Q: 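The following block contains the structure, expressed as structure tokens.
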Amino acid sequence: MSYFFSDKDYENAIKYYTEALDLNPQNAIYYSNRSLAYLRTECYGYALADATKALEVDKNYIKGYYRRATSNMALGKFKAALKDYETVVKVRPNDKDARMKYQECNKIVKQKAFERAIASDEKKKSVVDSLDIESMTIEDDYVGPKLEDGKVTVQFMKDLMDWFKDQKKLHRKCAYQVIGFAHVVLHASPCLLLIFIFTEKITVCGDTHGQFYDLLNIFELNGLPSETNPYLFNGDFVDRGSFSVEVILTLFGFKLLYPDNFHLLRGNHETDNMNQMYGFEGEVKAKYTAQMFQLFSEVFQWLPLAQCINNKVLVRFMESWPLKQKPEFLRNGRSISKRGVSCQFGPDVTERFLEQNKLDYIVRSHEVKAEGYEVTHSGKCITVFSAPNYCDQMGNKGAYIHLRGSDLKPEFHQFTAVPHPDVKPMAYANTLMQLGMM
Amino acid sequence: MAARQPFTDSDAADEAVRTTCDDATTCKRFATSQGYWKDLHIHYFVRNVGERKAPEINRGYYARVKGVNLLLDEFIKKTECKCQIINLGAGLDTMFWRLKDENLLPQKLFEVDFPAVVAKKIHNIKTKPPLSKPIIDMHSTDSLLLDAHNLDSDRYCIVGADLRDISSLDEKLKKFHLNPELPTLLLSECVLVYMTPSQSSNLVHWAAETFHTAMFINYEQVNMSDRFGQVMIENLQRRQCTLAGVEICQSLDSQDRFLTTGWDHADALDMMTVYSMLPQQDVARIELLEFLDERELLQQLLQHYCICWASKDKLSLGLSQLGF
């Protein structure tokens with residue numbers, strides 16, 4: 001069995017340890033070794049689960065603590081990792097590697113505590129609450145789009161998109177207004193949206209990732225949003241592409257214009273951790289202010305997670321069950337996502353879930369697909385991705401889906417990337433920000 | 001006084017190739033700053049860490065540096081340092097200082113690049129004692145040759161030359177005491193792809209003709225005929241950078257130019273495979289440095305680069321055994 005490790009063939013090692021565990025489910029070493037294989041293949045969630053299981057079986061198995069600590073480090077759970085390293089160091093005081101890892105982890109934990117301490121010196125109250133947009137003034141020489149009587153209009157949106165297309169900046173007061181109003185609308189909407197369409201169609205788009213010019217192209221190909229041309233954008237609007245500000249302000253703008261016919265769901269890039277790393281925070285700070293990023297951060301937390309169309313089609317960004325739920329570790333069932341931050345499931349679970357909830361199929365995004373979309377689980381699970389030539393290098397097509405109320409059969413439309421001004425992806429990603437995952 | 005030469009299209013193309021040296025250096029600078037691998041001397045060539053590179057780029061460079069170094073070090077150890085290394089298109093590589101620190105210096109390390117790049121490298125060496133001192137330490141006499149486009153010392157030689165002009169290259173290297181009898185390793189990283197297939201063929205053939213016991217390591221693009229490859233070519237075109245030799249980069253098979261130019265044995269692996277064959281404990285360490293949000297990006301990147309290594313082994317050192 002260990003020759004798979006020496007051959008660095010981790011996939012096979014995982015397969016064989018799994019079979020071994022089927023026969024021998026109380027073997028801590030197998031769990032620990034499979035945990036190692038998962039670590040090597042970057043499936044930190046699985047690695048953590050296995051390490052935890054190894055310790056459940058044998059709480060004196062030191063390697064298990066080691067593995068669990070490594071998994072926790074990978075997942076950014078430094079305090080948890082520190083406890084386990086402490087255990088290892090106590091039992092193996094001469095182990096230099098363990099001591100070194102303990103010290104490194106300790107450094108990170110201390111640094112984070114320090115950061116938290118100084119952060120709480122600043123006002124903890126919400127930017128939304130403390131923002132005074134009224135007192136902001138717009139200079140006379142600003143000739144860009146403005147809200148009309150504090151309202152988003154069709155003309156405003158058209159002007160806004162043209163303005164952005166020319167790489168011009170929306171006045172910060174207007175930007176704050178749009179984001180602030182979006183907050184109000186999103187605050188009032190539920191986490192799971194239920195919508196009903198009858199004869200009309202709805203267009204479902206996947207990740208757009210700051211690719212503003214490709215977003216404009218979607219509107220070109222598929223028509224501008226309106227009461228009769230509803231849209232749903234399934235998460236990951238920002239990061240990677242360097243026109244994320246333009247994308248999100250446009251999407252928020254349409255949300256304000258057509259609150260019942262234009263929907264946005266939260267993706268994993270509508271979070272602080274990702275925004276710090278993949279450019280959105282840097283872009284907002286460069287184009288506006290840190291405070292505006294704080295505002296975005298708060299508003300993102302109010303984005304709905306899922307939408308159900310005609311009680312038949314469920315759309316949400318990725319396989320994210322509420323994280324509070326303790327998932328069972330079933331090979332073919334519902335289990336911790338290999339990425340460690342959510343859940344994933346096999347075709348049988350999709351089937352069961354759809355049956356129990358009387359749904360036809362689910363739509364998700366989150367993964368780049370060469371054709372812009374992918375149909376799996378015998379048509380029960382559809383992926384849609386709307387950022388063509390992702391990161392200016394993947395050469396993939398983008399796609400969007402038409403769903404008509406009459407039959408809800410997905411109709412796929414593909415498109416290719418359009419040119420954009422010479423600003424590279426991740427142009428605003430901050431060198432100084434790290435997730436500190438050492 | 002010589003008349004000013006007009007700046008031609010081919011000058012522009014060459015200039016574009018020279019700037020790829022900067023790309024590589026800045027990417028390596030950033031990656032080392034994040035802890036992907038240690039390079040204690042790169043900051044003397046590029047002071048600032050510069051803008052953030054995407055995690056898949058950092059991991060890609062990690063794979064490249066570790067992969068190439070693995071083969072390089074194997075060769076040096078096999079020959080017990082009684083060898084020569086010729087780094088073709090070396091750019092601002094810090095190989096000399098790494099090998100010296102690790103007691104793996106060959107008898108002599110030769111680096112070749114465009115005169116403009118060499119001038120920049122030599123300028124940095126001249127003006128920074130942490131770079132020049134180790135070279136002087138390894139030199140037996142009081143003075144070593146150091147002018148704008150050439151550096152020559154007992155163990156380290158940097159030469160400005162055009163790799164497409166083989167006779168001139170040969171002459172320059174021999175002038176600085178290149179020894180065809182010593183087992184020699186030649187290295188080219190993203191170099192051959194910038195010349196036409198016939199030019200690179202000549203270079204590879206020259207190497208086979210000149211040395212009886214040698215290894216040639218080539219790192220460059222592969223699998224370029226798919227969409228990702230096409231996008232890469234277009235992106236580089238936009239920077240006036242033409243991959244003149246890209247037809248050899250269609251697949252691992254088309255990289256068999258070595259076997260038809262006088263080399264006895266050749267191997268090639270794409271970087272995805274190389275990545276999985278690197279010491280996995282260290283791979284696990286670097287994968288914790290930055291969270292990669294989309295693993296597909298790394299896979300695509302790694303599948304479009306490869307390492308090829310060819311050997312000929314008159315001294316029967318077992319060179320064809322070297323690998324991952």
Side-chain angles (χ1 to χ4, degrees), chain A residues 5-11 36-37 39-42 44 47 70-71 73-76 97 207 209 236 239-240 268-269 273-274 277-279 282 338-341 366-370 389-397 417 422 424-438, chain B residues 23 26 29-31 33-36 48-60 223-236 238-239 273-301 303-304 324:
Chain A
F5 271 162
S6 62
D7 247 343
K8 291 125 192 157
D9 185 354
Y10 295 110
E11 313 290 0
L36 176 63
L39 282 173
R40 299 289 186 260
T41 54
E42 238 195 327
Y44 304 123
T70 311
S71 312
M73 288 289 275
L75 295 166
D97 186 58
D207 306 41
H209 276 301
D236 274 15
D239 280 338
R240 287 222 173 249
N268 73 312
H269 275 267
N273 278 352
M274 297 308 246
M277 178 83 173
Y278 287 99
K338 57 187 175 181
R339 296 191 201 202
V341 294
H366 186 46
E367 282 176 2
V368 60
K369 298 291 173 196
N389 196 20
Y390 185 43
C391 302
D392 281 359
Q393 71 189 37
M394 293 295 279
N396 60 293
K397 296 194 181 121
D422 191 14
K424 297 193 311 266
M426 303 237 334
Y428 300 97
N430 187 345
T431 42
L432 298 176
M433 292 308 283
Q434 297 180 56
L435 287 183
M437 302 178 107
M438 301 267 302
Chain B
D23 288 347
T26 54
R29 178 76 180 95
F30 184 79
S33 75
Q34 301 298 297
Y36 280 82
N48 294 318
V49 169
E51 59 183 35
R52 176 174 218 106
K53 305 291 181 287
E56 63 273 11
I57 302 287
N58 297 328
R59 292 188 193 190
N223 295 325
M224 290 298 279
S225 48
D226 66 6
R227 190 78 196 108
F228 184 91
Q230 291 312 300
V231 172
M232 195 199 300
I233 293 172
E234 279 162 23
N235 286 345
L236 286 166
R238 243 173 254 132
R239 292 166 44 186
T273 311
V274 170
Y275 189 66
S276 70
M277 294 173 108
L278 292 173
Q280 291 296 297
Q281 199 165 18
D282 202 50
V283 172
R285 177 191 66 81
I286 65 108
E287 287 184 347
L288 297 184
L289 293 176
E290 293 178 304
F291 179 71
L292 179 59
D293 64 336
E294 177 74 76
R295 206 180 157 81
E296 174 88 14
L297 290 173
L298 178 67
Q299 262 167 20
Q300 279 282 34
L301 197 69
Q303 277 163 357
H304 287 81
F324 291 96

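In the text below, chain A, chain B and the rest are named by the order of the sequence lines, each starting its count at 1. Remember, predicted model here, so these are calculated numbers, not experimental data.
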Q: Between CD of B/Q280 and CG of A/L36, what distance do you get to the nearest 0.5 Å?
A: 9.5 Å
Q: Can you find a pair of side-chain heavy atoms, one from B/V231 and one from A/M394, that are under 4.5 Å apart?
A: no
Q: Identify whether the distance between the nearest side-chain nitrogen and carboxylate oxygen of B/E51 and A/K424 falls below 4.0 Å.
A: yes
Q: Report yes if the side chains of A/M277 and B/R52 come closer than 4.5 Å at any heavy-atom pair, otherwise no.
A: yes
Q: With side chains defined as the heavy atoms from C-beta onward, is the minimum distance between A/N396 and B/F228 less than 4.5 Å?
A: no
Q: Where on B/L301 is there a heavy atom nearer than 4.5 Å to chain A: the side chain, the backbone, both, or neither?
A: side chain
Q: Can you name the nearest heavy-atom pair linking B/L288 to A/T70, along with the distance?
A: CD1-CG2, 4.2 Å
Q: Which bit of B/Q300 comes within less than 4.5 Å of chain A, counting heavy atoms only: side chain, backbone, both or neither?
A: side chain
Q: So, do A/V368 and B/E294 sit near enough that their side-chain heavy atoms are less than 4.5 Å apart?
A: yes
Q: Quick test of your reading of the model: are A/D422 and B/R238 salt-bridged, counting only N-O distances below 4.0 Å?
A: no
Q: May I ask you to test the A/R240-B/D293 pair for a side-chain heavy-atom distance under 4.5 Å?
A: yes
Q: Would you indicate whether the side-chain heavy atoms of A/Y390 and B/E296 approach each other to under 4.5 Å?
A: no
Q: Would A/Q393 and B/L297 count as a side-chain contact (heavy atoms from CB on, under 4.5 Å) if you check the C-alpha gap in whole Å, the side-chain angles of each, and the deciding distance to 0.1 Å?
A: CA-CA 9 Å; A/Q393 71 189 37; B/L297 290 173; 4.3 Å; yes
Q: Roughly how far, to the nearest 0.5 Å, is the CG atom of A/N389 from the CD atom of B/Q230?
A: 12.0 Å
Q: Can you tell me if A/Y278 uses its side chain to pair, donor with acceptor, with the backbone of B/A54 under 3.5 Å?
A: no
